Structures are given as C-alpha cells and as structure tokens.
**Student:** 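Please find one structure pasted underneath; my questions will follow.
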Amino acid sequence: MQSPTPLPAHPLEATYLADGLRLPTNGLDYTILAIYFAVVLGIGFAARRSVKTSLDFFLSGRSLPAWVTGLAFIAANLGATEILGMAATGAQYGVAVVHWYWIGAIPAMVFLGLVMMPFYYGSKVRSVPEYLLQRFDKPAHLLSSVLFAFAAILIAGVNLYALAIIVEALLGWPQWVAIVVAGFLVLAYITVGGLSSAIYNEVLQFFVILAALIPISVLGLKKVGGWDGLSDSLTKSHGDNFLSAWGGTGIGDPNPLGANWLTIILGLGFVLSFGYWTTNFAEVQRALSAKNLSAAQRTPLIAAFPKIFIVFLVMIPGLVAAVLVPKIGTSGSDLQYNEAIPYLMQELLPNGVLGIAVTGLLAAFMAGMAANVSSFNTVFTTDIWQRYVVKDREDAYYVRFGRLITAVGVMASIGTAFIASSFSNIMSYLQTLFSFFNVPMFVVFIIGMFWKRASMKSGVWGLLAGTTAAMVNYFWIYKQGVIDIPSDQGANFVSAIVGFVVGAVVMVVVTLFTAPKPEAELAGLVYGTRSPGVPEPPAAGDDAWYRRPALLGWSAIVLAALCYLPYSL
C-alpha cells in the first residue's frame, strides 16, 4: 500500500487528461524504457538462485543489509499515485503538502524503528498479522489477515489503473495494454525471485524515480526565475498563505484544505500516519527481511532521511505548474491539478531525459504494486493458507503455493484495476481505504504492545469496532451531512480519529470483562517484557498510563470530542 496521499480536487481519470499532453517520445526514449524492463527482469532471474526456502521467498532469508532494506522501504512507498497526488496538492494547496511528509511520515517512521521493530523482529513473526496471533488469538489474526489481503489487492489495482491512464495519456497506449503489460512484468520478477527480487528492484526504482523528478524540479525552477521568482508570482496570484504550511489552518478559519491544525495533527500526524507506517506490512516486510535486529531498526530510520527531502521534488513541480498555468484546476484551464507533472514533462524535458522521466513514472507505479503484491502473497500463504487451510506440509510446498498465489494476486489486481475505473476519485478511494483498514489495526497493535492487561478477545473486537466506526463516520456522518465536514480530506482525517478512538474504547471495555493472556506468553510481545536476543526495554512503573484502563478510556473519549469540535465552531 502507498502512504496517505492528499486528495486533488479532481479525479485522476482519463476523461480529465488533456488531449494536448501526448509526449513527443522517440526511439531513444523507448530504448531507455526497454533497457529498464530488461534490467528489472534480469534482477528477478538473478535473485531466483537465492530462493531455496519459504523464508527466502517471503522474507529474503532475513539476510539483507540495512541500506538495501532502507531504500526499498522508501521506494515501496514512493508510488506514482503519491508522486502525481503530491504534485497536484502542491499546485492546489501550496506548501501545505509538507504536512504529509514532516508530520504525516517522519515521526511515525522513527517510532517504528525505535519502538515497534524490536517487537516485530524479536518475536520472529513473518508478517504483521502474525504478531496479532501471538499477542491476542486466532480470531484477531484471521480477521486482520483477511482485511489486509483484501486491501492489498485493492491498492495494487489502484496502482495499475493509475499507471494505465497516465500511460494512455502520455504515450498513447490503450489502458488495457498498459494494465496487462505492467501486471505481468511485476508477476514475472516477483514469482521468479520472491521478495529479494522485489526489494532489489525497488532499490533500482528509487534511483530511477529520483532521476525523473530532479530534472523536472530543476528545469521548472529555472523556467520561473528561481525560488524568488516562484514565490513572488505565487504570492501575487494566491496570497501569502499559499507559501505557508500553517496559514489559514486556525480552528474556524476556512481554507481549501478543509482541515484545521487540530485535525492535521491528530488525524494525519498521529492516527493516519502511525496507522500506516507501523502496521502496513507492505512497508514493514522490508524491515523484517533485514539481517538482524539492528538492521531492521535502522531500515525505517534510513528511509526517513530521503523522505525529509523528497517532498521538495514533488512539491516544486506543483508550484511551478501553478505559476506557468495560473488557472490550473479551474474551469478557465484545460489542465487539472493531476496533470502538473505530465505538463512539465512535455514542456521542459528533451528526448532522452524524457525517456528517463517516463521510465521513472513506470518504476514508481511498479514499485507500489510490487510492494502490495509481495506482502499479499506472504500474508495469504503464511497467515491464511498455512495456518488454517493446509497445515504441516513440507517447506517446498509453501514456496510453490507462494508463487501460485502471486499469480492469482496479480490477476486479481488486474481485475480490481478495472473496478477502480468506476470510482470518481481514486485518490479519495485510496485515502478512505487507509482510514478503514490501517488505523483500526494500529490501535490494536499499540494497545496490545503497551498494555499487558489487554485481553485476548479485545483484539478482534477492537479491530472490528474501529473499522466499522470509520466506515460509519465516512458513509453516514460525512456523506449524509449529519456533521458538516468541508472536504473529503477533512472527512478522512476525522474518520481515522473516530476509528482509533472507538477501537481503543472497545478494547478497554472488552478487556475489563474478559480474561487476559497469561503473562508467561507475553514475553517479547509487550513493552516491559523480555525475549531472547532482544535488549530489555526500560521498566515501567505500576502507575504507567497504559496500565490504567480508566485513564486510557477517558482520554479516548476526550479525543473523540475534540475531533468533532472544530466543525461545530
């Protein structure tokens, strides 16, 4: 799955792509693209030699160095839906796009590395849902596995559909051709080389994506007279707040983002961000493939460094497009916000560099899809098939089944890509999925990791209640106008907060009436306990906040009230 991406005002659909955006590609550009495809497949076949066991296929044998897993971690997140969406947000909302990186990513990535990876890696789980099996019980594990597998296929399909509509607009390929070609290319290298193939290709894709974005940003700034020329033009046309991350976000103040500082901090900075980065197996899987605990902890920390600066490479093209096309995204222009990067590619890049940029977009889409498909095959094989359907078979059987289910997953993704075409706004579709699936899982994880008393039954009920509450908030409270929330973006922030709060309250209530898991079975799974090979965390006193369910419950209720309060002022 991609990181929580902002919502452009217009859907990313073929119907909104300007006819004049067809790129002047030539033989040189297609040669660069062909070379890239050949290298990708070559990496897949080279990685095949290292696949001997199911651990090799699903987790690279836990043998990869931190720098490789760190770059793969960030590349798996840097899908083209994020690149196009962030650039579109820069064109529409200005510098506010930095929130999705500096507030909505970096703190959660650091928390994952320093706090949560010892639990994941030390418990030797093969997937994120498997942790819930060890910490809670089978119902929590099975429900989380099914929800994650379902969401992974939906997100992979969105990546494929977004790829298809962009390729159709830029290169003239029919949508179905782009979907099938990209789908089968990802299928080939993951099926052959397993997770190692996906990860090493993601390292390559990271540099290809940078090679695409850097020329667009540099040439774009030169076109508008540097940063001074850019800021002067935007201040005159859009006002001072356009170049201020926090301008106009006071409670009660109207702003295009449809969110105030409170919902940005709580909804994006805490709930959505931590829910995505700490429980999304498409990301965590890269860290679990590291060669030891130290490398696993450093994986998200290494990824956090480029994440700090990548925001400029996606924000600047959006700002430049807002200068070059002053009415972009409005009825006075043929260009929509989503077309900021394609427009700059057409206007600024010469052949050769243009081929690299197109390759970078394709690489970004395939990185996002491969991350979701590789995490899907692991969860389906190890958490569903091996655990509940066909048990105790030889290891080679599960490697063969993993390859088979990878093919099934890609085919299903192709199907969901066509389903995604029926949605009016796929960015909203993505963001809504994050609030429905990632956030409730996060609350179950965070309470389970920090509160020994959390009972076995509380996991499944907290997950179910959080998912249901997020859906109720979005489809009833927001869509039916029970409470006036200005935009889809604001509604998704609120849905995430509501899902977190309701899941937390339900877990506390269920815990008070059900038996806890024996403390002897919690070693290495809960903060303050020790497992072999994992350093002892600092001891917490009996008055620690997470040992006091009444305080936790009241805090959750206050948080719930705060998330709705700004919209009543």
Side-chain angles (χ1 to χ4, degrees), residues 1 54-55 58-59 112 116-153 275-276 278-285 287-288 372 374-393 398 401-402 405 409 436-468 470 499-500 503-504 506-507 510-511 514-527 529 531:
M1 299 182 184
S54 61
L55 187 65
F58 295 118
L59 285 178
L112 171 64
M116 295 186 72
M117 281 314 302
F119 296 105
Y120 285 140
Y121 200 92
S123 60
K124 298 301 180 184
V125 296
R126 292 169 296 178
S127 70
V128 166
E130 190 174 353
Y131 174 84
L132 296 185
L133 175 64
Q134 295 190 18
R135 175 59 183 89
F136 294 101
D137 56 9
K138 287 185 177 181
H141 171 249
L142 181 59
L143 177 60
S144 64
S145 300
V146 171
L147 288 177
F148 179 83
F150 180 67
I153 291 301
Y276 175 81
T278 64
T279 67
N280 178 25
F281 186 47
E283 301 292 340
V284 175
Q285 187 180 28
L288 289 179
N372 283 283
S374 61
S375 60
F376 164 78
N377 68 22
T378 302
V379 169
F380 195 95
T381 302
T382 63
D383 291 285
I384 298 177
W385 193 261
Q386 183 177 6
R387 181 71 60 176
Y388 300 104
V389 183
V390 178
K391 306 177 183 179
D392 303 322
R393 288 290 301 271
Y398 296 110
F401 183 83
I405 203 62
F436 288 173
F437 298 118
N438 289 88
V439 170
M441 193 175 293
F442 170 63
V443 70
V444 174
F445 270 86
I446 204 68
I447 291 179
M449 285 182 173
F450 285 88
W451 188 27
K452 289 183 181 180
R453 179 65 178 81
S455 68
M456 291 189 292
K457 298 300 179 184
S458 67
V460 66
W461 288 108
L463 185 58
L464 188 61
T467 300
T468 302
F500 180 89
V506 168
M507 286 189 71
V510 171
T511 292
T514 54
K517 194 162 189 170
E519 189 164 338
E521 298 179 18
L522 297 178
L525 299 174
V526 180
Y527 188 83
T529 63
S531 63

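This one's a predicted model, so the numbers in the text were calculated from it and none came from an experiment.
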**Student:** Does the plane of the ring in Phe380 sit parallel, tilted or perpendicular to the ring in Trp385? Use 30° and 60° as the thresholds.
**Tutor:** parallel
**Student:** Check the angle between the aromatic planes of Tyr131 and Phe445 and answer parallel, tilted or perpendicular using the 30° and 60° thresholds.
**Tutor:** parallel
**Student:** Do the non-hydrogen side-chain atoms of Met449 and Tyr120 ever get within less than 4.5 Å of each other?
**Tutor:** yes
**Student:** If every non-hydrogen atom of Ala287 is compared with every non-hydrogen atom of Met117, which pair is closest and at what distance?
**Tutor:** CB-CE, 3.7 Å
**Student:** Flag the pair Val128 / Phe148 as yes when at least one side-chain heavy-atom distance between them is below 4.5 Å, and no otherwise.
**Tutor:** no
**Student:** With a cut-off of 6.0 Å (strictly less than), are more than 12 heavy atoms of other residues, nucleotides or ligands near NZ of Lys138?
**Tutor:** no
**Student:** Got Met116 and Val284 here, is their nearest side-chain heavy-atom distance under 4.5 Å?
**Tutor:** no
**Student:** Is any side-chain heavy atom of Phe281 closer than 4.5 Å to a side-chain heavy atom of Met441?
**Tutor:** no
**Student:** Would you say the side chain of Phe376 lies within less than 4.5 Å of the side chain of Ile405, judging by non-hydrogen atoms?
**Tutor:** yes
**Student:** Is the closest side-chain donor-acceptor distance between Glu130 and Thr382 under 3.5 Å?
**Tutor:** no
**Student:** I'd like to check Thr514 versus Met456 (side-chain heavy atoms, cut-off strictly below 4.5 Å). Are they in contact?
**Tutor:** no
**Student:** Determine whether more than 12 heavy atoms belonging to other residues, nucleotides or ligands lie under 6.0 Å from atom NZ of Lys517.
**Tutor:** yes
